[in-house]
Enquirer: 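Got a structure for you, questions after.
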Amino acid sequence: MDAAPSPTAGPHHPIPLPGAAGHTLLRLVTVMLDGDDEREVLWGAMAAIAATGPFTAEAAYAVHDGLARRCLPSRVVASATLQPGSAAASEPAEVEPTGEAAGEAAAAEEVAAARLDRRIGALDGYSRHLQEFGELWVQAIALRYQDHCLGYLVVRSPTSPSADETALTDLLAQQTGIALARFAGNRGEPARAGPESSLGIGDQLGTDSRSPTAGLGTTVSALTSRLALHDALSRAGASGKGEAGVLQVLHDNTGFAARTEDRFGNPRAWAGPSGRNEPQRGPSGRPPPEPEYQRQDALIQSARRRPGAVRDRDRLVVPIQMAGDLLGVVALVDPNRRATETDSSALEQAALVLAPLLSHERRLAELEPHLRRDLVNRLITGEGTNDAFTQAAALGHDLNRPHKAAALEWSETTERAEVGDAVARAARRLHRDVLVGSRGATTVVLEADEDRRDSGGELYRAVSDELGTAAGSIGVGGRCDVFTELPHSYDEAVRALTVRRRSQDPNGSTSFEDLGLCRMMGSGEGEREADRFVGEWLGLLLDYDSHHHTELVTTLAHYLESGCSYDATSETLLIHRSTVRYRLQRICEITGHDLGEVETRLNLHIATRIRNVLDAPRRVD
């Protein structure tokens, strides 16, 4: 079928070929090829074309002496191919309607048929799209043999046929032209394709060693092979093996290595020995130079503009598209240029089968993060119900195991979505099972706890590597055995994160279990109480150190940590033992505290511990 203006694209219709429909098509083709006259061949071909897709018969024409003459169908063929309202359905019925309405309908049909006859008579022997028939897709298919037009088939469709349906129609039209040539040869008529040609088909048959029926014997075989390939590709697409399964069928049927790539030329899947040896492009390899990107883009644009496969160096390439959206390309590796038209057709069929697979994969990729975030949010807020197990399983996560929550925040220059993606990649690298979500500016991770004694340091380092910056903090909550305890673990993770971010070293990870007495900080009244406690016991010393640039608080902290040992404190601070004694005496004078009292030492020890976690206590009125 020649190229024709295309109406508004509609959804692709799957060809109803497997099973009974495929056998019906082959039977119709056989009847068409063995027809006893032009009318039988024309309407047998029409029935075969109608079986390939959403086509409905409109009219059939035989060309004699350059003039197109309408051929009415027989009753048997009409019942199989015509739909009510078809212009071709003009043969008298057994019971004719009467009355004024019937007369008006008959008159309208005659006007429409006459208009169609004029349009066909004005054609130049080639297929054309008949745009004047409104929004319907109506095509006049030229039936040609050796540069001569022998007839036309007019079909209509509610939407544009798919590429595979069009390819089958082309093949049927080609073989119908060969079948019609038998009758033209017997008549010895000139049957001109146009005024520029006066050589009759009968004359050519006398001088051409090829018989017009020479190709008829292979038609059913070609269609059978096409149907078998389509069925095999469809089965592979539905088998759950994805792209790899479809490519394996394509490789088995063509003998060429087959591969899919994304729209940027990065490999996705392959079948055949050569795919694994080809250089890999993408995040793990060196990106191709800019001219290569430009060449890839030009190739894609060319492939989308032209029907069929496009040659790209040592490959045949067909774009994979769905509803106008480019999803990638499928290619056959053919360095010796041995691919035939049959191989190219198989490649096109593979692209049609791959399109819904890749489209579904893209929709899942877009939808899955939203589903994960929604599930995580419901679990940490206590809104999760028993259906959470099913939803988690659908996302590949087992919620029946013990879990713990982690809260992450990175530098302001890093977007939250980037942190979530980095966590997902890091978790895969560490072989950890996680659900990643977010709450406000905080990234939330629910991790299946496998009795790891890790406070988050391993995850922190892996995420830092993925993001290329260590300017981030992680707080890890406690372990919970059932998902209803996740809100408590999440609260602990947030408190641990808060303590970490307020500490003297905010970059890193902190586990709630390691906070000790600092667990009172990180949220609400507990944090305010911690600030008051530090201010009460260390406030005077902190002010003194600030104004006099001394280190009395640091000396006191090391003294208490060492178990009140002068020698250990002097060794740690690299000062003389007498200096330690002098500083401790000044501490007693400034604060009025007696370091000999056990309770006083305990409270000061707690205050210095909290002070070491915080940069400085916040002022509390």
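Below, each value reflects all heavy atoms present in this structure, side chains not excepted, and no hydrogens, waters or symmetry copies. In what follows, residues are counted from 1 in the order of the sequence shown.
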Enquirer: CD of E341: more than 12 outside heavy atoms within 6.0 angstrom?
Expert: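 Open: at most 12 neighbouring heavy atoms sit under 6.0 Å from CD of E341.
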
Enquirer: Could you walk me through whether Q248 and D252 satisfy the side chain to side chain donor-acceptor pair (under 3.5 Å) test, starting with their C-alpha distance in whole Å, then the side-chain angles of each, then the deciding distance to 0.1 Å, before giving a yes or no?
Expert: CA-CA 6 Å; Q248 187 61 51; D252 292 342; 3.0 Å; yes

Enquirer: To the closest 0.5 Å, what do you measure between CG (L459) and CG (L408)?
Expert: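 Reported value, rounded in 0.5 Å steps: 6.0 Å.
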
Enquirer: Determine, for E58 against R156, whether the closest basic-nitrogen to carboxylate-oxygen distance falls under 4.0 angstrom.
Expert: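 Yes, this pair counts.
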
Enquirer: Can you tell me how far apart CG (D314) and CG (N336) are? Round to the nearest 0.5 Å.
Expert: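 These two atoms lie 9.5 Å from each other.
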
Enquirer: What's the separation between atom CG in L153 and atom CD1 in I49, rounded to the nearest 0.5 Å?
Expert: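 The CD1 atom of I49 is 5.0 Å from CG of L153, to the nearest 0.5 Å.
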
Enquirer: Please evaluate residues F256 and V333 with respect to the criterion side chain to side chain contact (heavy atoms under 4.5 Å, CB included), reporting the C-alpha separation (whole Å), side-chain torsions for both, the decisive distance (0.1 Å), and the verdict.
Expert: CA-CA 6 Å; F256 297 103; V333 181; 5.7 Å; no

Enquirer: Please report the closest heavy-atom contact between A351 and P319, naming both atoms and the distance.
Expert: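 Residues A351 and P319, closest heavy atoms: CB-O, 3.8 Å.
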
Enquirer: Pair T340, D343 - check side chain to side chain donor-acceptor pair (under 3.5 Å), show working.
Expert: CA-CA 5 Å; T340 64; D343 298 324; 3.3 Å; yes

Enquirer: Restricting to non-hydrogen atoms, name the atom on A350 and the atom on L233 that form the minimum distance, rounded to 0.1 Å.
Expert: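 Answer, listing the atom of A350 first, then L233: N-CD1, 3.7 Å.
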
Enquirer: Answer yes or no on whether R144 is positioned over the face of Y126, meaning its NZ or CZ is under 6.0 Å from the six-membered ring centre and within 45° of the axis.
Expert: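 Judged by the rule, R144 and Y126 form a cation-pi pair.
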
Enquirer: Please determine whether the number of non-hydrogen atoms from other residues, nucleotides or ligands lying under 6.0 Å from atom CZ of R378 exceeds 12.
Expert: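 Atom CZ in R378 is crowded, with more than 12 foreign heavy atoms closer than 6.0 Å.
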
Enquirer: Check salt bridge (charged side-chain N to carboxylate O under 4.0 Å, His left out) between R439 and all other residues, then give those that pass, not counting sequence neighbours.
Expert: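 Not a single residue meets the salt bridge (charged side-chain N to carboxylate O under 4.0 Å, His left out) criterion with R439.
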
